[in-house]
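Below is one structure, written out as structure tokens; comments come after it.
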Amino acid sequence: QMQLIESGGRLVQAGGSLRLSCAASGLTFSSYGLGWFRQAPGKEREFVAAISWSGATTYYANSVKGRFTASRDNEKNTVYLQMRSLKPEDTAVYYCAAEHWGLGSANVERYDYWGQGTQVTVSS
């Protein structure tokens with residue numbers, strides 16, 4: 001069983017930056033692809049970014065491409081989401097998720113483990 005704990009969410013002004021972290025424990029972190037998803041009130045959970053188990057490839061939603069960067073540190077068992085040029089529409093609860101031997105997927109159903117989420121609020 002893998003545990004994922006997100007942190008770093010807070011209130012930030014539009015145009016600002018934020019880095020989210022997701023710390024993993026319980027299983028071999030380096031064999032898991034990691035994804036970031038978000039869910040705004042009244043909306044479905046949507047894909048944001050993903051990084052493969054090897055770290056060699058990353059994928060982004062069109063809405064965040066060029067503004068967000070996913071990375072991982074296997075020594076710290078942590079995946080990061082660096083967010084820049086934040087917009088009010090980025091406001092949501094952000095979740096990280098893990099898929100065994102994942103290559104990086106936008107499909108919610110492919111992920112085996114989920115964190116509890118961290119709130120990001122972008123004020124205009």
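This structure is a prediction, so every number in the text was calculated from the model and none was measured. We count residues from 1, following the sequence as given.
The distance from atom CG of Asp90 to atom CZ of Arg84, rounded to the nearest 0.5 Å, is 13.5 Å. In this structure, NE2 in His100 is found 8.5 Å from CG in Asp112, a value given to the nearest 0.5 Å. Remark: Ser21 OG to Leu81 CG distance equals 9.5 Å, nearest 0.5 Å. Note that CD of Glu6 is 4.5 Å distant from CD of Gln116, once rounded to the nearest 0.5 Å.
Side chains of Cys22 and Trp36 form a contact here, defined as non-hydrogen atoms less than 4.5 Å apart. At a threshold of 4.5 Å between non-hydrogen side-chain atoms, the residues Tyr59 and Ile51 do not count as touching. Using a 4.5 Å cut-off on side-chain heavy atoms (C-beta onward), Val120 and Leu20 make contact. Taking the side chain as every heavy atom from C-beta outward, Leu86 and Ser17 never approach each other to under 4.5 Å. Looking only at side-chain heavy atoms (C-beta outward), Trp114 and Arg45 come within less than 4.5 Å of each other.
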Donor-acceptor pairs under 3.5 angstrom involving side-chain atoms of residues 102-109: please list them, not counting sequence neighbours.
unit_1, atom_1, unit_2, atom_2, d
Ser105, OG, Asn107, N, 3.0
Asn107, OD1, Glu109, N, 2.9

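When all heavy atoms of Tyr60 and Ala49 are compared, the pair lying nearest together is CD2-CB, 3.6 Å. Shown here for Ala92 and Arg38, the closest heavy-atom pair between the two residues is CB-CB, 3.8 Å. Looking at every heavy atom in both residues, Ala70 comes nearest to Thr58 through O-CG2, 3.8 Å. Across all non-hydrogen atoms, the minimal contact from Val93 to Gln119 is CG2-OE1, 3.2 Å. In plain terms, the two heavy atoms of Leu11 and Ser123 that are nearest each other are CD1-CB, 4.1 Å. Summarising the geometry of Gly33 relative to Tyr111, their closest heavy-atom pair is O-CE2, 4.2 Å, with the distance given to 0.1 Å.
Listed for the Thr118 side chain is a donor-acceptor partner under 3.5 Å among the backbone atoms of Gly9. Judged by distance alone, the side chain of Thr91 and the main-chain N or O of Val122 form a donor-acceptor pair under 3.5 Å.
No close placement of the Phe37 and Tyr95 rings is indicated, their centers lying 6.0 Å or farther apart.
The cationic group of Arg72 does not satisfy the cation-pi geometry with Tyr32, failing either the under 6.0 Å distance to the six-membered ring centre or the 45° limit from the ring axis.
Within 6.0 Å of CZ in Arg67 there are more than 12 heavy atoms belonging to other residues, nucleotides or ligands.
Aromatic ring orientation, Tyr94 versus Phe68: tilted (interplanar angle from 30° to 60°).
Using modelled atom types and a 3.5 Å distance limit, the side chains of Ser52 and Ser54 yield a donor-acceptor pair.
Among Thr69, Asp73, Leu34, the single residue meeting the side-chain contact (heavy atoms from CB on, under 4.5 Å) criterion with Tyr80 is Asp73.
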